[in-house]
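Have a look at the structure below before the remarks.
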Amino acid sequence: KWKGEGTTLNLESIVIGRCYDYIRLVNPAVGEKNCSEIWEAFKNAFINKDPCSILPKDYELFISLSLHPIPPNKSLFWENNHLLVNSFADRGRRYMSLADTLFGFLGDFLNWCGQANSTGLDYESCPTTEECENNAVESFWRMASMTYAQHSSGVIHVLLNGSTVGGAYPQPGFFADYEIPNLQKDKISQIVIWVVDDLEGPDIDSCGTHTVKVLENRLNTLGYNVTCTDNYKSVMFLLCLDYPDDSKCTLSSSVCSVDGSPLSDG
Ligand code: ENP
């Protein structure tokens with residue numbers, strides 16, 4: 001009856017399995033967590049309720065059971081480049097995006113909703129945010145975003161997509177509406193913005209223009225020390241894995257001959 005996809009099959013096994021994967025292998029530094037209790041708290045946020053009346057605060061117990069420190073200088077906020085961020089952050093080894101925290105990791109790529117007057121999950125369909133914003137998934141990410149921003153410190157990184165139609169900094173958006181307002185200014189030394197275009201995509205937005213300028217102005221007005229870099233090299237290298245022959249992916253062209261073979265230096 002809803003327009004969105006239904007609950008991911010085997011949701012309970014996936015969430016509990018991911019929880020053990022996270023605390024035992026991905027990030028044992030978080031210490032002991034009760035994965036079955038975390039699942040119960042997650043489920044109780046939305047089961048047996050009208051699927052359009054789920055609020056961020058319904059996930060409060062889930063968040064308090066799964067919360068752990070976020071290392072300073074490791075936070076990575078983003079818009080419109082989910083898979084790139086997953087690779088770049090490398091499950092918390094390089095950066096810790098929301099999906100690399102325990103609470104974000106449990107929900108990444110999944111879908112879920114319940115139904116009124118039933119303790120069952122709806123595997124057929126779930127409401128989209130267009131149908132109702134107070135749905136189980138949207139409220140989960142709102143709560144997770146607010147918590148993640150409140151616990152981020154040191155140098156904050158933001159990876160935006162300069163090829164997004166409508167601009168790299170979307171408003172409304174999670175970063176604009178739930179993350180920026182929850183950053184704790186006294187714990188933050190700098191905000192580093194990276195605007196990276198898709199390799200084969202258009203250059204729609206860049207540092208100092210359009211929506212990125214709006215973002216820079218907003219953060220400056222809030223009193224943050226802000227820097228912005230276009231097509232940051234480390235991220236470019238990762239994109240270039242899939243497009244090695246793209247003109248933007250040439251490594252040190254000056255020391256190569258026309259056929260691409262290295263020139264001897266003698
Ligand atoms: P999209 O629309 O590019 O990607 C949505 C996909 O990313 C979904 O598979 C979603 O999991 C997963 N995801 C991972 N982290 C988040 C998240 N954090 N979030 C919403 N979805 C997330 O992403 P958005 O909507 O623009 O959100 C980007 C935001 O994530 C940024 O504000 C960034 O700073 C933040 P699922 O369970 O829905 O399938 C917050 C909201 O970290």
Side-chain angles (χ1 to χ4, degrees), residues 1-27 30 33-68 76-92 96-148 170 173-175 178-179:
K1 61 176 179 310
W2 303 107
K3 295 204 181 86
E5 272 187 42
T7 301
T8 308
L9 296 179
N10 308 106
L11 184 75
E12 175 173 357
S13 303
I14 295 172
V15 171
I16 294 176
R18 280 184 177 184
C19 178
Y20 284 115
D21 182 27
Y22 192 88
I23 66 169
R24 299 290 177 240
L25 304 169
V26 176
N27 188 9
V30 299
K33 298 282 178 195
N34 187 333
C35 290
S36 33
E37 209 182 344
I38 289 173
W39 160 254
E40 289 298 321
F42 175 79
K43 186 178 68 173
N44 286 331
F46 62 90
I47 61 155
N48 216 346
K49 294 180 189 174
D50 169 0
C52 283
S53 307
I54 314 298
L55 298 173
K57 70 171 175 47
D58 294 325
Y59 288 99
E60 264 169 10
L61 178 59
F62 164 80
I63 290 285
S64 69
L65 293 172
S66 56
L67 189 60
H68 57 82
L76 175 60
F77 295 85
W78 57 275
E79 289 285 0
N80 295 303
N81 42 32
H82 183 211
L83 298 179
L84 174 64
V85 165
N86 280 177
S87 320
F88 187 52
D90 196 17
R91 287 184 150 205
M96 188 175 282
S97 73
L98 174 52
D100 308 301
T101 67
L102 174 57
F103 45 103
F105 190 77
L106 297 180
D108 207 14
F109 295 104
L110 303 181
N111 209 32
W112 62 90
C113 63
Q115 32 205 343
N117 311 312
S118 152
T119 54
L121 303 173
D122 190 340
Y123 293 99
E124 298 294 315
S125 65
C126 289
T128 59
T129 299
E130 293 64 46
E131 287 174 291
C132 57
E133 63 172 342
N134 293 332
N135 68 64
V137 174
E138 181 75 14
S139 292
F140 171 90
W141 288 114
R142 287 183 182 180
M143 186 66 185
S145 286
M146 294 187 279
T147 308
Y148 176 69
F174 285 100
F175 184 58
Y178 297 94
E179 295 173 332

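Computation of the quantities below employed the complete heavy-atom set of this structure, encompassing side-chain atoms and omitting hydrogens, waters and symmetry-equivalent molecules.
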Inset, instruction - Please list, chain by chain and in numerical order, all residues satisfying ring pair (Phe, Tyr, Trp, His ring centres under 6.0 Å) with Tyr148, sequence neighbours excluded. - result: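 Testing Tyr148 for ring pair (Phe, Tyr, Trp, His ring centres under 6.0 Å), a comparison that skips the adjacent residues, returns Phe77.
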
Can you see which heavy atom on [X] is nearest to which on [Y], and at what distance?
X      : Y      : answer
Cys126 : Asn111 : CB-ND2, 4.2 Å
Leu76  : Ala89  : CD2-CB, 4.3 Å
Arg18  : Gly107 : NH1-C, 3.9 Å
Asp58  : Ser53  : OD2-O, 4.1 Å
Phe103 : Ser66  : CB-OG, 3.4 Å

Legend entry - Residue pairs, two or more places apart or on separate chains, that pass salt bridge (Lys or Arg N to Asp or Glu O under 4.0 Å) and touch residues 33-42: Glu40-Lys43

To the nearest 0.5 Å, tell me how far [X] [atom1] sits from [Y] [atom2].
X      : Y      : atom1 : atom2 : answer
Asn44  : Leu61  : CG    : CG    : 8.0 Å
Trp141 : Asp108 : CH2   : CG    : 5.0 Å
Leu83  : Phe109 : CG    : CZ    : 5.0 Å
Asn134 : Thr129 : CG    : OG1   : 9.5 Å
Arg24  : Cys19  : CZ    : SG    : 8.5 Å

Inset, instruction - For Asn27, check side chain to side chain donor-acceptor pair (under 3.5 Å) against everything at least two apart and list the hits. - result: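 With sequence neighbours excluded, Asn27 shows a side chain to side chain donor-acceptor pair (under 3.5 Å) to Tyr22, given in chain and number order.
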
Legend entry - By side chain to side chain donor-acceptor pair (under 3.5 Å) - contacts of Asn48 (at least two apart):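 With neighbours one apart ignored, the set is empty.
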
Name every donor-acceptor pair, under 3.5 Å, that has one atom in a side chain of residues 116-124 and the other anywhere in the protein, sequence neighbours excluded.
| unit_1 | atom_1 | unit_2 | atom_2 | d |
| --- | --- | --- | --- | --- |
| Ser118 | OG | Gly120 | N | 2.9 |
| Asp122 | OD1 | Glu124 | N | 2.9 |
| Asp122 | OD1 | Ser125 | N | 3.2 |

With sequence neighbours excluded, what pairs up with [X] under the side-chain contact (heavy atoms from CB on, under 4.5 Å) test?
X      : result
Asn81  : Trp78, Leu84, Val85, Leu159, Asn161
Lys57  : Leu55, Glu60
Ala136 : Phe46, Ile54, Tyr59, Trp112
Pro56  : Ser139, Arg142, Met143, Met146

Inset, instruction - Decide yes or no for Val26 and Phe105: does some side-chain heavy atom of the first lie under 4.5 Å from some side-chain heavy atom of the second? - result: yes

Legend entry - Leu98 and Phe174, any side-chain heavy atoms less than 4.5 Å apart: no

Within [range] or reaching into it, pairs that qualify as side-chain hydrogen bond (donor to acceptor under 3.5 Å, both in side chains) - sequence neighbours excluded:
range           : result
residues 97-107 : Ser97-Asp100
residues 83-92  : Asp90-Arg93
residues 1-12   : none

